[in-house]
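Here is the naming used below: chain letters follow the sequence lines, and residue numbers restart at 1 for every chain. Just so it is clear, the structure is predicted and the values come from calculations on it, not from any experiment.
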Amino acid sequence: MFDLRAIRQTPEEFDANWARRGLSPQTPEILALDETKRALQTELQELLAERNEKSKEIGKIKSQGGDAEAIMAEVASLKDKIASLEEKQKEAEEALKTKLSGIPNQLAEDVPDGPDEDHNVEVRRHGEPKALNSEPKDHVDIGEGLDMMDFATAAKMSGSRFVLLHSGLARMERALAQFFLDTHTSEHGLTEVSAPLLVNTKTMFGTGQLPKFRDDQFKTFSTDYLVDKELLEESGLSKGLMTYNRDLWLIPTSEVSLTNIVAEEIIDEETLPRRYTAFTPCFRKEAGSAGKDTRGMIRMHQFYKVEMVSVTAPDKSEEEHERMTGCAENLLKKLELPFRTIVLCSGDSGFTVRKTYDLEVWIPSQETYREISSCSNCWDFQARRMNARCRAKGEKDTKFVHTLNGSGLAVGRALVAVMENYYDPADGGVFVPDVLKPYMGGMEKITPKG
RNA sequence: GGAAGAGUGGCAGAGUGGUUGAAUGCACUGGUCUUGAAAACCAGCAAGGAUGCAAGUCCUUCCAGGGUUCGAAUCCCUGCUCUUCCGCCA
């Protein structure tokens, strides 16, 4: 969300920034809605002030035993006017909020301009892809060769974009997650959190998944709710029943749960930054990805991810962004996987984001780098949506915090990367990276069953 | 799932229809005193918004939504959360 005062002052700057994402000018509509809302609000407040004053007078007269009939009638006559203005004001406010909640974040100045992912800019590179003396095998062939990766059975129970892992691969997935978490907590100073996987609508709004990306989310529903909804429609009862809502959303990333920890809070600025990490499954509809990455484990409806989230004071988020990206890179270095870091261009940057670094790991079978982590500075965008603020000692005013999130790392994709980069064509096995051995009982290599 | 109770400012906790945005205590901030600190004393201390050059004025908010009323923290309805007990369960 945005600072309306700032938009009023320099609308052209906001439009120019949004234009970098390919948006047409947004401020004329925003300012018009804002104008309407404020005019109604002022009018309403004048009436309310009149009502309050006269009501107080009635109280005074009555306490002195006088007759207040005349003035009571006067106030009563204001009632309808106030009710209708209240309605209009609420509608105007709603319209403004709807408009604002669908507009993406402002981009940082140093985000390169460009229409799509082909215009992202490489920042640095680490490691060299190994020269292969045979055709590279992709992770599906490797996994099925090991008899430890099973898409068919997953499809039977859940449809496409699900998978079962067995034995060594299942254990390696777990080992990766443990290794990531332990490195974050012991070396990077993050606090491990175990948080809800099902969250309410307000929470999904806070981090920006709703309302715009509704179609990408999985939603649960409860029969209780349906019963009540039917009752509601039949009875034509008040809207009050609508607030009874046990429907929950499956998190698409633990960024949602971790960032919303500070929703509605006022934090002592001295206690910032807060740095969280969590290992959770993530659930995504992948609605817009039909036909994309249909083979293998790259794009699943359910996958594991270790997430990092930082909450900082407003002047500290840029350095925190670099730090966070470094934490993710550190994991790939320890795994000895070749990767590069890129900065996303304007057209490829996400809705909530001011600036994003992607880490891309080398995937031999595709002879290219593929995304394995995305580290973003959301600035005050999410904080405004979830009303998360901080206050410096001795200061009266509160400020919106800045929030950042990054994968550290996507576990499924990390498994893919390890399988392909550590593949041994001699026997179809997969060497265990040194850092994972302690997590796999000292195992040196995953070898085919039997 | 059933029963009972409760949700008020950073915390604790008064307040059951009328100058209550809210007593009091703690915490916090400034001051007096002190070599310094503590104690004591004095003063200040919610958030969001509208309007205005500003000083200020006004509006909203006592879990949330709806209702009654000239007027709601206070009365009614619905929901949510928490506590205790029972049931069920990993």
Side-chain angles (χ1 to χ4, degrees), chain A residues 1-9 31 33-83 85-90 92-94 96-97 100 194 196-203 205 222-248 262-271 380 383-401:
Chain A
M1 230 62 126
F2 308 97
D3 182 355
L4 273 170
R5 282 167 210 240
I7 294 180
R8 267 182 239 149
Q9 273 165 13
L31 291 177
L33 289 167
D34 178 48
E35 187 97 7
T36 307
K37 190 215 103 182
R38 280 186 297 134
L40 287 167
Q41 187 170 346
T42 304
E43 200 181 336
L44 172 64
Q45 288 186 356
E46 278 163 8
L47 284 178
L48 288 173
E50 190 180 340
R51 185 196 69 184
N52 289 348
E53 200 187 325
K54 287 189 171 156
S55 289
K56 269 183 192 170
E57 224 171 296
I58 292 168
K60 219 192 227 166
I61 293 170
K62 284 202 162 180
S63 69
Q64 291 165 357
D67 176 20
E69 282 303 318
I71 193 162
M72 276 169 73
E74 228 177 287
V75 184
S77 73
L78 289 174
K79 229 183 156 184
D80 286 350
K81 239 171 147 182
I82 288 176
L85 258 178
E86 250 170 4
E87 182 102 351
K88 276 192 213 160
Q89 199 268 353
K90 238 182 218 174
E93 199 163 7
E94 205 51 47
L96 178 61
K97 193 185 170 193
L100 288 174
S194 172
L197 308 179
L198 290 162
V199 298
N200 60 28
T201 298
K202 197 177 174 190
T203 301
F205 178 86
S222 61
T223 47
D224 282 359
Y225 176 59
L226 291 179
V227 168
D228 272 8
K229 205 175 169 192
E230 281 158 22
L231 270 176
L232 179 68
E233 276 157 15
E234 271 172 37
S235 63
L237 276 173
S238 69
K239 278 200 293 186
L241 267 179
M242 289 287 231
T243 60
Y244 178 59
N245 183 353
R246 283 298 304 175
D247 294 12
L248 294 166
V262 298
E264 305 289 337
E265 299 284 330
I266 299 174
I267 301 165
D268 290 339
E269 192 172 322
E270 291 70 29
T271 68
D380 62 1
R384 285 178 184 277
R385 291 171 85 100
M386 61 176 74
N387 199 23
R389 292 161 294 168
C390 65
R391 174 159 42 205
K393 209 172 171 62
E395 297 250 327
K396 190 171 155 50
D397 289 339
T398 59
K399 298 170 281 191
F400 288 107
V401 297

Colleague: Is there any protein nitrogen or oxygen under 3.5 Å from a nitrogen or oxygen in nucleotides 67-73 of chain B, and what are the pairs?
Modeller:
residue: B/rC70; atom: O2'; partner: A/Ser55; partner atom: OG; Å: 3.4
residue: B/rG71; atom: O4'; partner: A/Ser55; partner atom: OG; Å: 3.3

Colleague: Would one find a side-chain N or O of A/Thr398 under 4.0 angstrom from OP1 or OP2 of B/rG48?
Modeller: yes
Colleague: Test: salt bridge (Lys or Arg N to Asp or Glu O under 4.0 Å). Region: residues 35-46 of chain A. Which pairs qualify, not counting sequence neighbours?
Modeller: A/Asp34-A/Arg38, A/Glu35-A/Arg38
Colleague: With sequence neighbours left out, what residues match A/Asn387 under side chain to side chain donor-acceptor pair (under 3.5 Å)?
Modeller: A/Arg389
Colleague: Does a distance-only test, which skips hydrogens and angles, find a donor-acceptor pair under 3.5 Å between the side chain of A/Gln41 and the base of B/rG49?
Modeller: no
Colleague: Now, which nucleotide makes the Watson-Crick or G-U wobble pair with B/rA54, with each of the two distances under 3.5 Å?
Modeller: none
Colleague: Could you tell me which nucleotide pairs with B/rU68 by Watson-Crick or G-U wobble geometry, both distances under 3.5 Å, or answer none if nothing does?
Modeller: none
Colleague: If only side-chain N and O atoms of A/Arg8 are considered, is one of them under 4.0 Å from the OP1 or OP2 phosphate oxygen of B/rA50?
Modeller: yes
Colleague: Less than 4.0 angstrom between a side-chain N/O of A/Arg391 and OP1 or OP2 of B/rC28, yes or no?
Modeller: no
Colleague: Under 4.0 Å between a side-chain N or O of A/Asn52 and OP1 or OP2 of B/rG18?
Modeller: no
Colleague: Using Watson-Crick or G-U wobble geometry with both distances below 3.5 Å, tell me the partner of B/rG5, or none.
Modeller: B/rC82
Colleague: Scan for side chain to side chain donor-acceptor pair (under 3.5 Å) pairs involving residues 68-83 of chain A, sequence neighbours excluded, and state none if there are none.
Modeller: A/Lys54-A/Glu74
Colleague: Whom does B/rU35 pair with, Watson-Crick or G-U wobble, provided both distances fall under 3.5 Å?
Modeller: none
Colleague: Residues two or more places apart in sequence or in another chain: which of them pass side chain to side chain donor-acceptor pair (under 3.5 Å) with A/Thr203?
Modeller: A/Asn200
Colleague: Please identify each residue that fulfils ring-ring contact (aromatic ring centres under 6.0 Å, His included) with A/Phe205, with sequence neighbours left out.
Modeller: none
Colleague: Return the nucleotide paired to B/rG10: Watson-Crick means purine N1 to pyrimidine N3 with N6-O4 or O6-N4, wobble means G-U with N1-O2 and O6-N3, both under 3.5 Å.
Modeller: B/rC26
Colleague: Select base, sugar-phosphate, or nothing to describe what A/Lys399 touches, counting heavy atoms under 4.0 Å on all strands.
Modeller: nothing
Colleague: Report the distance from atom CZ of A/Arg389 to atom P of B/rG10, rounded to the nearest whole Å.
Modeller: 10 Å
Colleague: In whole Å, what is the span from the CG atom of A/Asn200 to the P atom of B/rA64?
Modeller: 16 Å
